There are 2 protein chains.
Amino acid sequence: MDAVRNGKKRLRSTRQGGLVRDQLALGEAFRSAQTVFSELRAQGEVIGLSTVYRHLQSLVDAGEADTLQTVDGEALYRLCGQTARHHHHLVCRQCGRTEEIEGRGVERWAEQMAALHGFTDVDHTVELMGRCAECIAR
Amino acid sequence: MDAVRNGKKRLRSTRQGGLVRDQLALGEAFRSAQTVFSELRAQGEVIGLSTVYRHLQSLVDAGEADTLQTVDGEALYRLCGQTARHHHHLVCRQCGRTEEIEGRGVERWAEQMAALHGFTDVDHTVELMGRCAECIAR
DNA sequence: TCTATACTGGTAATCATTATCAGTCACGCC
DNA sequence: GGCGTGACTGATAATGATTACCAGTATAGA
């Protein structure tokens, strides 16, 4: 980790921070740090890979971006709906299109399971991946 | 990947294959490939890291082991209940104890969500992590 | 026993991510 | 507007898990 970014220290707004955020804002789909970095560089922007990672992490910490892991362990990011509410994702594994879905059902189920086995402090990871209507049509 | 291990080729039973399997059979908790490797080496067994990875992967392919990813992208393995049935896990993040849980509820929910958004071929990742009763008592 | 070939394991290569650290720049203050 | 502090930047090295290579070995059937 890299010092405390969300502690008392005040944050600065920088060109690079804006770049990362804007780039992420461009699409609906989840993108990896490497991808965002390449895209920015391809546009001729001057920015470092570390910086991209840092800003993505900051966005996640601030609750402004969502993150999830691919099966091969790569982290993907995307700007989060203003929804501070807890939610899950239904991701198209072909085009990356993502639907935010609400999971009251799962939440309840998770709680039940936890209680049933005497667990507490239970977090849950729930992601759905499939093929969206458009990709099927194609 | 490393050639096709579950194709037509017949499999051989080897000392190393047994070692990996036995080691995994020792505990209830999920363990990483690196851990299994270290444990075996610590016991004085002669085995290579590549081999451990290969056998763990084979076990997963054969449906004899379960695998899941930690938040930092490390793959964990454990022998699977004979249950060929689809199931999920409730893992204690402190001691690693794991309960296999059945998720008819989630399955249904996942299907509903998929249908609702026009997705098909939907896979789901559902893992619960918390603290088990014993760890809380301590 | 003999042979074909699946399996092994040390080592090098990948690849995403993180740590370092000197240089830069934003921002509050005078 | 000029200054100083320290947060931010980014090139590079390091890390750590996993995979690819490949020559040598051992298994199972003939």
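In what follows, chains are A, B, ... by sequence order, proteins preceding strands, each numbered from 1. Bear in mind that the values here come from a model prediction, so they are computed numbers and not experimental data.
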**Item:** Any N/O donor-acceptor pair, A:Arg54 side-chain to D:dG10 base, under 3.5 Å
**Value:**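 Under the 3.5 Å cut-off, the side chain and the base do form a donor-acceptor pair.
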**Message:** Is it the case that the base of D:dA28 and the side chain of B:Arg12 share a donor-acceptor contact (distance under 3.5 Å, atom types as modelled)?
**Reply:**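 Answer no: no donor N or O sits under 3.5 Å from an acceptor.
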Between [X] ([atom1]) and [N] ([atom2]), how many Å, whole number?
X       : N      : atom1 : atom2 : value
B:Leu40 : C:dG10 : CG    : P     : 13 Å
A:Leu76 : C:dT17 : CG    : C1'   : 14 Å
A:Arg41 : D:dT9  : CZ    : P     : 14 Å
B:Leu56 : D:dA17 : CG    : P     : 14 Å
B:Phe37 : C:dT11 : CZ    : P     : 11 Å
A:Gln57 : D:dT9  : CD    : C1'   : 17 Å

Check whether any side-chain N or O of [X] sits under 4.0 Å from OP1 or OP2 of [N], and answer yes or no.
X       : N      : result
B:Gln16 : C:dG9  : yes
A:Ser13 : C:dC27 : yes
B:Arg15 : C:dG9  : yes
B:Ser32 : D:dA17 : no
B:Tyr53 : D:dT19 : no

**Item:** ring pair (Phe, Tyr, Trp, His ring centres under 6.0 Å) against B:His89, all qualifying residues, sequence neighbours excluded
**Value:**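 B:His89 satisfies ring pair (Phe, Tyr, Trp, His ring centres under 6.0 Å) with B:Phe30, B:His87 only.
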**Request:** Can you sort out which residues in residues 43-50 of chain B have a heavy atom within less than 4.0 Å of DNA chain C? Ascending by number, please.
**Result:**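 Those residues whose heavy atoms fall under 4.0 Å from DNA chain C, taken from residues 43-50 of chain B in numerical order, are B:Val46, B:Ile47, B:Gly48, B:Ser50.
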**Message:** By the 4.0 Å heavy-atom rule, please label A:Gln34 as base, sugar-phosphate, or nothing.
**Reply:**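 Base contact.
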**Listed nucleotide nearest any side-chain atom of A:Thr14, set C:dC27, D:dT9, C:dA4** =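 It is D:dT9.
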**Asked** Of all the nucleotides listed (D:dC8, D:dC21, C:dT17), which has the minimum atom distance to the side chain of A:His55?
**Response**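 Of the candidates, D:dC8 comes closest.
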**Request:** Please name all residues satisfying side chain to side chain donor-acceptor pair (under 3.5 Å) with A:Glu74, sequence neighbours left out, ordered by chain then number.
**Result:**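 Testing A:Glu74 for side chain to side chain donor-acceptor pair (under 3.5 Å), a comparison that skips the adjacent residues, returns A:Ser32.
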**Request:** Among residues two or more places apart or on two chains, list those pairs meeting ring pair (Phe, Tyr, Trp, His ring centres under 6.0 Å) that have a residue in residues 90-138 of chain B.
**Result:**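 Counting only pairs at least two positions apart or across chains, the ring pair (Phe, Tyr, Trp, His ring centres under 6.0 Å) contacts touching residues 90-138 of chain B are B:His86-B:His124, B:His88-B:His124.
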**Shortest non-hydrogen separation from B:Val52 to B:Ala33 and the atoms involved** =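 Of all heavy-atom pairs spanning B:Val52 and B:Ala33, the closest is CG1-O, 3.7 Å.
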**Request:** Could you tell me whether A:Arg78 and A:Glu100 have a side-chain N and a carboxylate O separated by less than 4.0 Å?
**Result:**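 Looking at A:Arg78 and A:Glu100, the cut-off is met.
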**Request:** Mind running side chain to side chain contact (heavy atoms under 4.5 Å, CB included) on B:Val36 and B:Leu24 for me, showing each step along the way?
**Result:** CA-CA 7 Å; B:Val36 171; B:Leu24 215 53; 4.0 Å; yes
**Prompt:** Which angle, rounded to 10°, do you find between the first-five-pair axis and the last-five-pair axis of the helix from C:dT1-D:dA30 to C:dC30-D:dG1?
**Reply:**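 It comes to 30° between the two terminal axes.
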**Item:** Nonpolar side-chain network containing B:Ile136, other nodes, edges under 4.5 Å
**Value:**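 Hydrophobic cluster check, B:Ile136: no partners found.
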**Message:** Suppose the criterion is salt bridge (charged side-chain N to carboxylate O under 4.0 Å, His left out): which pairs have a residue in residues 109-130 of chain B, not counting sequence neighbours?
**Reply:**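 Of all non-adjacent pairs touching residues 109-130 of chain B, those that pass salt bridge (charged side-chain N to carboxylate O under 4.0 Å, His left out) are A:Arg93-B:Asp123, A:Arg131-B:Asp121.
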**Prompt:** Quick one: salt bridge (charged side-chain N to carboxylate O under 4.0 Å, His left out) partners of B:Asp22, sequence neighbours excluded?
**Reply:**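 Testing B:Asp22 for salt bridge (charged side-chain N to carboxylate O under 4.0 Å, His left out), a comparison that skips the adjacent residues, returns none.
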Listing, residues 39-49 of chain A side-chain donor-acceptor contacts under 3.5 Å, not counting sequence neighbours, or none:
{"residue": "A:Glu39", "atom": "OE1", "partner": "A:Gln23", "partner atom": "NE2", "Å": "2.7"}
{"residue": "A:Glu39", "atom": "OE1", "partner": "A:Arg31", "partner atom": "NE", "Å": "3.1"}
{"residue": "A:Glu39", "atom": "OE2", "partner": "A:Arg31", "partner atom": "NE", "Å": "3.2"}
{"residue": "A:Arg41", "atom": "NE", "partner": "A:Ile47", "partner atom": "O", "Å": "2.9"}
{"residue": "A:Arg41", "atom": "NH2", "partner": "A:Ile47", "partner atom": "O", "Å": "2.9"}
{"residue": "A:Gln43", "atom": "NE2", "partner": "A:Gln23", "partner atom": "OE1", "Å": "2.9"}

